[in-house]
Amino acid sequence: MTQPSYRIERATRSSTIGLAVLGLGLIGLLLLPLTGDRATMRLIVEIAYFLALAQMWNLLAGYAGLLSVGQHAFIGFGGYMLFALVAHAGFSPIYSLPIAGLLSGLISIPVAILMFRLSGPYFAIGTWVVAEVFKLAFFEVPALGGGSGMSLPLQAVRDIAPSAQGRELIIYISALAIAVASVVAVYALLRSRYGLALTAIRDSERASASVGVDTFRLKLGVFVAVAAFTGMIGALIFLQKLRISPVAAFDVMEWSAAIIFIVVIGGIGRIEGPFVGIAIFFLLRETTSDFGAWYLILLGLLAIAIMLFARQGIWGLIADRYRINVFPVERQVHLDDHRQRQASSTSLTPTSEKH
Amino acid sequence: MSTIETRGLTAHYGDFQALFGLDVTLRSGETTAIIGANGAGKSTFMKAITGLIKTAPDMIHIDGAPAGGRDAHTIISQGIAMVPEGRRLFPSLSVEENLLIGTHAKRSGPWSLDRVYDVFPVLKERRRLSGTSLSGGQQQMVAIGRALLSNPTTLLCDEISLGLAPVVIEELYRTIAELRSEGLSIVIVEQDVARAVRVADQVYCFMEGRVSLSGAAQDIALEDIRNAYFGI
């Protein structure tokens, strides 16, 4: 076998600048607790977990083509697992976050096996039904408070940190870590060969299978990983709230509808999309939520307008107009001029990948 | 090298039966042409072979071992790749990415990206363009290159000349002949009967889901094919 004779590059000028700006923004957010502005910190926590949830849904729907409207099933399930672990198994709340995620991933396997028998709109409706079943099931668990829910035991709250300020700092750092991890994980996955296969599945699952992609395993892997991450985020959400109930945990409007709105208006199938969607969603919420139902009508009208006139979302318009790509996942192959042309014995393993 | 045999192959689309007990042998190292009118079951046959339509295990044998009902990616990992009707390129992927997706079969062999570019130099020039922005002939080259990157021993080509200019068809068939000379088994589903018979070692004519004629290409008269094709 001769040495392979090409290398793959992905970095672009806009991605270097964009990532530098995001890095600086992250440093700024890490310094925010020094100001002691707790209201802003609470808002950032909310933005961080919505960003992570949106990244996960974007991976699921925008890349794997799994249009779930029932992701709140795993948000609620993760939250409840945290409360169960802390209240009944004596686990530390912080250590319970990843365990709640793991349990959400496990419960998603039978859900996936059931749901993958459906496709298109039936899959979407099916996932919603699963979330409703989860909600009704937790109504029937007296140990977790039944229909009225439960609060985190006082001792467990003190285990997070003795002071309220300390607890908020830990939750703030955890939320930022989860948001960064969600972006890094999705970016790393999409840059791998599995990312290529996921994009192909989004275009045509049948054609992907016909060229050798194990579509079932890949989709199952994404569904389970997204459920695990979503469950962990759900656990963090209810750790911040210190209280959980079936109605709050499995609220389609509060969770899945908001996530879908964020991704759709930002730009589905692009990592940058949820960033833009988050900015618009929170801007609208902070400025118009006092108008009650009109706020929801405005969100709905905006989503409809985007779906009709800019199906790639607002980031899609910007990226196409100015050719900006902050998280490039496309492979740009550079063939070496001095390559050996022993065509009968070359392999396809890249010599190097510039990141 | 793989010899593929179907024994009493049947296939259904819901209640509609498309194939009725086909016995076909695709011999290793040969070119087999499958001809027939629209709706004869040619593409269904290809889909059954490649696992895109589920069949009973003993209806398809690869090198004597039952292989029916396996998933498409398993069939490809056994060295059977298809160039599908209509090319089926991925619109979100560039030319190069469309080619690279063919490496998911993880088979080792003589085919690499470099070599595909040697065979189809125009693809190298346009490797960063969207796959679906190319002309029909160039898209067909991508589809063939993508299949070759799975390093197959058998290449199934479904209607590769459909909608292409005669000069492009000539070029594609020259490439197919070169692949055949390197020992690759080729299966061609083709509407252009004369062309298919010209390049084939053996011919199967399908009609309404059944084999209406089969034999060595050199032994079959065009008149017989015409009769088998139209069922007269």
Side-chain angles (χ1 to χ4, degrees), chain A residues 1-10 62-63 65 190-218 268-270 312 316 328-337 339-351, chain B residues 46-47 50-53 71-78 80-119 124 127-128 130-132 143 146-147 149-152 156 158 182:
Chain A
M1 302 280 275
T2 59
Q3 286 300 305
S5 52
Y6 65 93
R7 62 201 154 81
I8 293 174
E9 290 184 0
R10 295 187 184 88
Y63 285 93
L190 293 179
R191 284 167 64 111
S192 72
R193 65 198 300 274
Y194 298 109
L196 199 62
L198 279 174
T199 313
I201 287 175
R202 182 184 59 186
D203 284 351
S204 168
E205 185 174 343
R206 193 173 175 80
S208 308
S210 74
V211 296
V213 176
D214 187 346
T215 55
F216 180 82
R217 205 167 70 167
L218 197 54
I268 193 166
R270 297 168 188 260
Q312 289 187 307
V329 293
E330 297 85 0
R331 292 143 185 81
Q332 298 173 15
V333 178
H334 297 268
L335 294 169
D336 297 336
D337 292 336
R339 67 185 189 183
Q340 291 175 285
R341 287 179 173 273
Q342 292 181 341
S344 63
S345 60
T346 51
S347 82
L348 202 59
T349 311
T351 47
Chain B
M46 298 287 243
K47 286 173 185 164
T50 52
L52 291 172
I53 289 177
D71 289 333
H73 70 273
T74 310
I75 298 289
I76 291 171
S77 68
Q78 289 186 280
I80 297 164
M82 182 156 79
V83 181
E85 182 182 359
R87 278 87 72 172
R88 287 192 171 253
L89 300 192
F90 302 106
S92 298
L93 302 182
S94 67
V95 167
E96 190 135 82
E97 289 172 328
N98 265 289
L99 290 169
L100 285 171
I101 204 84
T103 64
H104 265 261
K106 293 183 186 168
R107 279 175 59 86
S108 59
W111 286 96
S112 66
L113 195 61
D114 282 359
R115 191 166 176 216
V116 169
Y117 284 149
D118 285 343
V119 174
K124 184 180 164 189
R127 62 185 186 271
R128 288 185 189 176
S130 164
T132 48
R146 183 177 65 185
L149 278 171
S150 68
N151 278 298
L156 311 177
D158 194 357
E182 291 184 18

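All chains are named by letter (A, B, ...) in the order of the sequence lines, taking the proteins before the strands, and each is independently numbered beginning at 1. Small disclaimer: the values here were computed from a predicted structure and weren't measured.
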Sort out for me which of A:Thr215, A:Asp214, A:Val213 touches chain B most, counting heavy-atom pairs under 4.5 Å.
A:Asp214

I need the minimum non-hydrogen distance between A:Gly212 and B:Ile76, along with the two atoms involved.
N-CD1, 2.9 Å

State, yes or no, whether a side-chain contact exists between A:Arg193 and B:Thr103 at a heavy-atom distance under 4.5 Å.
yes

Which atom pair, heavy atoms only, marks the closest approach of B:Ala72 to A:Ala209?
CB-O, 3.3 Å

Where do A:Arg202 and B:Ser92 land on the side chain to side chain donor-acceptor pair (under 3.5 Å) test, with the steps shown first?
CA-CA 9 Å; A:Arg202 182 184 59 186; B:Ser92 298; 3.2 Å; yes

To the nearest 0.5 Å, atom OG of A:Ser204 lies from atom CZ of B:Arg88 at 5.0 Å

At a 4.5 Å cut-off on heavy atoms, which part of B:Arg146 comes close to chain A: side chain, backbone, both, or neither?
side chain

How long is the gap from OG on A:Ser208 to NE2 on B:His73, to the nearest 0.5 Å?
13.0 Å

By the definition side-chain contact (heavy atoms from CB on, under 4.5 Å), identify the one residue from A:Val211, A:Asp203, A:Thr199 that meets it with B:Ile101.
A:Val211

